[in-house]
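For ligands, and for the atoms within them, numbers begin at 1 and follow the listed sequence. The first residue in the sequence is number 1, and the count goes up from there.
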Amino acid sequence: MDIAAALVPILAAHPARPDALLPILHDVQDACGHIPDAAVPVIAKALNLSRAEVHGVVSYYAHFREEPPGFHVVRVCRGEACQAVGGAALAAHAAERLHDGDLTLEPVYCLGLCALGPAVQIDETTLHAHVTPEKFDALIDDLDAAS
Ligand code: FES
């Protein structure tokens with residue numbers, strides 16, 4: 001992917017001001033799947049920021065990926081309500097299960113299913129409630145079978 005070419009319409013759609021950084025990063029990730037290293041200096045120059053400032057924002061927010069995602073993105077909720085009903089154990093189980101392969105495991109800090117935790121999101125579209133380690137394994141098995 002030509003990062004510079006991909007950035008042209010994104011940068012044109014936002015004001016060239018530092019407060020546009022987050023919306024620009026969201027658009028870059030939507031377009032590229034992650035924030036490529038090569039995008040950082042281009043964004044920094046366009047917004048009159050340092051590379052370190054842009055990189056600091058990318059690395060601060062768990063939402064932003066610095067590497068391309070796997071074939072599927074699995075988000076396990078680490079919010080307080082989910083932690084209170086087994087979310088930490090589920091996250092540990094998920095990390096063990098997905099330590100390599102085509103799936104990307106990411107934390108998220110609320111999926112809007114607080115009364116139905118632990119909650120998991122697979123890709124951008126599918127939410128799952130009351131996810132036990134066993135249910136998690138079944139969900140991943142289904143993904144593997146569909147691939
Ligand atoms: S805290 Fe997990 S869904 Fe809200």
Side-chain angles (χ1 to χ4, degrees), residues 1 3 6-7 9-40 42-44 46-47 49-147:
M1 170 180 277
I3 300 305
L7 286 173
I10 294 171
L11 293 173
H14 296 277
R17 299 190 314 249
D19 63 347
L21 178 57
L22 281 174
I24 288 171
L25 292 175
H26 280 284
D27 286 355
V28 171
Q29 183 152 298
D30 288 347
C32 303
H34 70 298
I35 311 295
D37 282 345
V40 171
V42 178
I43 295 169
L47 301 185
L49 295 169
S50 70
R51 293 178 187 197
E53 287 172 312
V54 175
H55 186 264
V57 171
V58 172
S59 58
Y60 178 78
Y61 289 101
H63 174 75
F64 295 124
R65 296 182 204 106
E66 297 184 64
E67 302 294 332
F71 194 65
H72 294 286
V73 176
V74 178
R75 295 186 174 97
V76 176
C77 184
R78 306 301 306 272
E80 285 185 29
C82 286
Q83 298 307 290
V85 292
L90 177 64
H93 176 81
E96 181 71 23
R97 170 76 195 252
L98 302 181
H99 71 280
D100 58 16
D102 288 340
L103 305 178
T104 295
L105 177 64
E106 296 182 340
V108 65
Y109 294 92
C110 191
L111 291 167
L113 294 176
C114 306
L116 304 172
V120 167
Q121 181 183 37
I122 297 178
D123 298 324
E124 294 296 328
T125 53
T126 312
L127 293 171
H128 300 276
H130 298 304
V131 180
T132 62
E134 294 75 22
K135 183 173 177 178
F136 182 86
D137 285 345
L139 293 169
I140 300 306
D141 289 345
D142 288 348
L143 285 179
D144 288 342
S147 297

What class does the angle between the rings of His26 and His63 fall in, given that below 30° is parallel, 30 to 60° is tilted and above 60° is perpendicular? tilted

Is the shortest heavy-atom distance from the side chain of Ile3 to the side chain of Leu7 under 4.5 Å? yes

Within the distance-only criterion (no hydrogens, no angle test), does the side chain of Arg65 pair as donor or acceptor with the backbone N or O of Gly33 below 3.5 angstrom? yes

Is a side-chain donor or acceptor of Glu80 paired with a backbone partner of Gln83 at a separation under 3.5 angstrom? no

Closer than 2.8 Å to atom 4 (Fe) of ligand 1 - protein N, O or S atoms, ordered by chain and residue number: Cys110 SG, Cys114 SG

When you look at CD of Glu66, are more than 12 heavy atoms from neighbouring residues, nucleotides or ligands closer to it than 6.0 Å? yes

Heavy atoms of Asp123 and Phe71 approach each other most closely as OD1-O, 4.3 Å

